[in-house]
Amino acid sequence: MPRVVAVLRRFEATTAVWVFVAFVLFVLILNPLYHLVLESFQLTRGQGVEWTLRNYIKAFTEPLYRGPVLWTFIVSAAVGPLSLMVGAAVAWCVGRTDMPLPGFIRTSVLLSFVTPPFLGAIAWIFLAGPREGWLNIIYRGITGAAGHEYLFNIFTMPGVVFTMALFTFPQVFIVVLAALNNIPSDVEDAASIAGGNSLSTMVNITLPLVLPALMAGLLLAVLEAMTLLGIPAVLAIPARQHLMTTQIRAIMDEGIDAVGLAAAYSFPILVAAALLVWMQRAALGRRGYATVGGKGGHRRPQKLGVWRYPVFAMCMVPVTCAIVLPYFALIATSFMKNLGHGLTWSNMTLENYRSIFQSRAIASSMVNTLLLATMAATGATLLASVIAYISQRQLVHGHRHLGLLATLPLGIPGIVLGVGLFAAYTKAPFVLYGTLWILFLAYVTKFLPLAYQASNAALMSIHPELEESGRILGANRLTVFKDVTVPLFKVGLLASWLLVFMPSLRELSTSALIWTIDTKVISVVILNLYDEARLADIAALGVILMIVTLAVVVCVFRMMGRDFMRA
Amino acid sequence: MSSKRTLASFVLGMAILFSLGTFASAEADLQAAKREGKVVWYVALTTDFNQQVCDLFNKKGFGVQCVFHRDGAGPLYRRYLQEAKSNINVADVFTFSNLGYFLQLKQGGYLLPYRPRGTERFNPFFTTEDGSWMIPLATAQVPAYNTKLVKPSELPTSWTDFLRPEWKDRLVLPNPSFSGVAAEVMIVMVKKFGWDYFEKLAKQNPRIVPSASGTLTFVERGESHMVVYAPLASVFDHAQRGEPLKMFVPKEGVLVNGIPSAIPKNAPHPNAAKLFVDFLFSREVQQLIVDSGYHVGHPEVKYPPGLPPFEDLKPIFVSPEDAEKETPSMKEGFRKFFGV
């Protein structure tokens, strides 16, 4: 009896909130996962099902399935470090130096994040297709090389890696930039006083302090590379190599039991996700990464001196490849009457834009998409930040596993996750099929890992001393979280929000199964046009999508004030 | 003796009753359809075309609203099965390709047989005896070339001409792992020329792309000069829009594949579905379909200029049973020679 009283005395009312949030996470992630696991052990027999291991046996013994697994691991092992290097370097230049036009670079990188990857891949076919790619035509024009010679061939595995890196480095950039914004200059000044130059300060002081963000960025990039479908479909198939996602897509067409086999086949990606989370934890260890404490906090950019313009030029390289060139290709295509008559004045038209603005279906899917992206970004950010807080401040039992749980959806290819979500939300107690809510929950589930990784990395930089002083002054945990923690890591929150908002605008592989007539989203419209080989209309829609996003991003930055993701 | 006769007539009577029940009456019940008020069409044709058909149907004043859900054939099939598994009834009418899917649906007991009005006069290729599904439209898989890059004198006359040295590096092919019709074309070719044909075709180093219609953008832009087989209706549509694209029929003939329509057993608006299927097979809609570049079974339609009539295609057919049985080995063989 005295024990119970002691427990009750230690019990805080706010604990109920933490337990509830942890429970929401639990249901959100495990419900669709449970249905997928179930499918993977079943085969249809007449009207019933048979329990079996045959899906797993086939997935791991079929010789045709091995090459794609191997190549998926090779490609993502290349894409991960490449995105990390590019994303972190550009983030450092934007966030910590006096390089010119940092805002331009920042916005451009963010924009490359809304381009549907398969659209980016198509744009790169226009640019670097061996025969008719514009870059190759220019190359032949300059060198006088023969018609069959080329400088670039995008239909190669390096081409696949290159294109994937263009669409994954923004994730690294967003997480790292948010972390860099929190580092006060005094630690860097100390290094300078001790005789370090800009470079050694960056390598020895700044980078180690943002290690949590770097790890988070790497994890996101590797898993994104493993689960991307659009780029391999457009580029790797012509390069004569299946990756796991294209193989899964091919399996899914094979009949009634395809889902179970596809789920079993995606198992290695899930294992890779769990392994990466474990490695991340091991690499970060128990060291402290707090950069936001009770003192100081003044930030000053590094002076680059004569290197200002060369550094800017370096940052322009990824921006050119991810935004300038592809959007040049898309904009040019969007004004073409016929693909077959090339870039000539007589082949120009506004018809593609007119047909898009006239379509009511496209207008309503644009509204649906923006609404969903905003809701999902807000929902996922709220959930992720609380989860990160619970797990870092160790507020409930099993807090160590919350991080893993919140990262797992990254390990499931979108097309397979869609099946799990479908099963989870078409049965009691959650019958949501046909409403926007199922898409909302799908996006929250799918992109929660991004928001969680960003929030977690940002939260690591906040020293608990600030919260403790609030607690000493008599506030409970919830009040402290609201009044102290959240204002301190609002940069991390914005990073989370953008990391969910942007990809929600382009999400396709999961939406593909759960959209309905009344809940169409823009990526589905794009896919339908692609089925009809209407590339000029797609290009026009891509350009419109980019402009709308640009407007939203600029508004958000204005609303949040200049301190948000300072550039 | 007399009891035997009674039994026989009883059995016969039951059989007639039963067949009336399953084949339904030939006429759709207009009043019942009106009460249902809506028909949901799962269709893999182009958005523009679906919209045209629905608009036309809605203007007829049946009191039934047509809405369509447009997606690829594979995704529609998957979605329907997922919905059926969760006891969600949305679809009233299917129209998407691959007879193999419909064979699976029939074997699984998912389909409501129905023979729409007037189809007894159709070319038999477009009908089935039991009405499990009917074929409102078909298209052929034809070679097509970029008119700016291929000289008329170069044009192949036989499928085997694609193996000649001048076509090296200039061809594009769809991948049968993603495109059901690509697998069906392979069935025809392998039957005619043996696997040898694809082994030699692989040495021509063609570009491989996932979807059948995706091959067209490669040819239009000149990244490839000729697609070995692509849907005739898409070629027709793109050529109408002004792309430098032209088809031809090799002397051996071309695969014609039907795009079936059926009513699922769990259709929430079965009477409206029958009314809509009748409409799909009416002369008015059949003419609309033909004008979009497809082929139909209606005896009275007029083919637009540039679209060869059905017989001129020298059509070759693949039975759904063969398609179902052979497709896996086609995908495997393609993988062996082309890597994907």
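None of the values given here were measured: they were computed from a predicted structure. Reminder, nothing fancy here: chain letters follow the sequence lines and each chain counts from 1.
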- Highest number of heavy-atom pairs under 4.5 Å with chain A among B/Q107, B/E83, B/E332, B/K336 belongs to B/E83
- Identify which part of B/S213 has an atom lying under 4.5 Å from any heavy atom of chain A, answering side chain, backbone, both or neither. both
- Task: For A/F430 and A/W437, run side-chain contact (heavy atoms from CB on, under 4.5 Å): C-alpha distance rounded to whole Å, both residues' side-chain angles, the deciding distance at 0.1 Å, then the answer.
- Result: CA-CA 10 Å; A/F430 308 107; A/W437 293 107; over 6 Å; no
- Query: Would A/R534 and B/R241 count as a side-chain contact (heavy atoms from CB on, under 4.5 Å) if you check the C-alpha gap in whole Å, the side-chain angles of each, and the deciding distance to 0.1 Å?
  - Reply: CA-CA 11 Å; A/R534 302 269 293 272; B/R241 290 171 190 275; 3.2 Å; yes
- Without swapping roles, check the side chain of A/S355 against the backbone of A/N352 for a donor-acceptor pair under 3.5 Å. yes
- Nearest-0.5 Å distance, CD1 of residue A/I137 to CG of residue A/L151: 13.0 Å
- Query: Which atoms of A/L235 come close to chain B, meaning under 4.5 Å heavy atom to heavy atom: side chain ones, backbone ones, both, or neither?
  - Reply: neither
- I would like to know whether A/N528 and B/R70 meet side-chain hydrogen bond (donor to acceptor under 3.5 Å, both in side chains); could you show each step before the answer? CA-CA 8 Å; A/N528 278 340; B/R70 194 252 169 242; 2.8 Å; yes
- Side chain / backbone / both / neither for B/N175 at chain A, heavy atoms under 4.5 Å: side chain
- Okay, A/P130 and chain B: the region with an atom under 4.5 Å from a heavy atom over there is both
- Output the option from B/Q82, B/E223, B/K148 having the highest count of non-hydrogen pairs under 4.5 Å with chain A. B/E223
- Which atoms of A/Y433 come close to chain B, meaning under 4.5 Å heavy atom to heavy atom: side chain ones, backbone ones, both, or neither? side chain
- Can you say whether B/V219 sits under 4.5 Å from chain A via the side chain, the backbone, both, or neither, judging by heavy atoms? neither
- Does any N or O in the side chain of A/N368 come within less than 3.5 Å of the main-chain N or O of A/T519, such that one atom is a donor and the other an acceptor? no
- Identify which of B/T215, B/N98, B/I88 forms the greatest number of heavy-atom pairs closer than 4.5 Å to chain A. B/I88
- Would you call B/R170 and B/E154 a salt bridge, using N to O less than 4.0 angstrom? yes
- Query: Counting heavy-atom pairs under 4.5 Å to chain A, which of B/P75, B/S234, B/S224, B/G242 comes out on top?
  - Reply: B/G242
- Query: Top residue by heavy-atom pair count (under 4.5 Å) with chain B, among A/V234, A/L339, A/T426?
  - Reply: A/L339
- Query: What part of B/F68 is in contact with chain A, defined as an atom under 4.5 angstrom from a non-hydrogen atom: side chain, backbone, both or neither?
  - Reply: backbone
- Which portion of A/E532 sits near chain B, non-hydrogen atoms under 4.5 angstrom: both
- Please state whether the side chain, the backbone, both or neither of B/P231 comes within less than 4.5 Å of a heavy atom of chain A. neither
- Answer yes or no: does atom OH of A/Y150 have more than 12 heavy-atom neighbours from other residues, nucleotides or ligands under 6.0 Å? no
- Query: Pick from A/T246, A/L529, A/I122: which one has the most heavy-atom pairs with chain B under 4.5 Å?
  - Reply: A/T246
- Among A/V431, A/V419, A/D531, A/V524, who wins on heavy-atom pairs under 4.5 Å with chain B? A/D531
- Message: Salt bridge check, B/K85 against A/E39: does any charged N sit closer than 4.0 Å to a carboxylate O?
- Response: yes
- Message: Restricting to non-hydrogen atoms, name the atom on B/R79 and the atom on A/T516 that form the minimum distance, rounded to 0.1 Å.
- Response: NH1-CG2, 4.0 Å
- Heavy-atom distance under 4.5 Å to chain A: side chain of B/N87, backbone, both or neither? neither
- Identify which part of B/T46 has an atom lying under 4.5 Å from any heavy atom of chain A, answering side chain, backbone, both or neither. both
- Message: Please classify the contact of B/R335 with chain A as side chain, backbone, both or neither, using a heavy-atom distance under 4.5 Å.
- Response: side chain
- Item | Pick from B/S86, B/A44, B/G339, B/G74 with the largest number of heavy-atom pairs that fall under 4.5 Å of chain A | B/S86
- Assess the side chains of A/N338 and B/E220: does a donor N or O sit below 3.5 Å from an acceptor N or O? no
- Item | Heavy-atom closest contact (A/A123 atom, A/A329 atom, distance) | O-CB, 4.0 Å
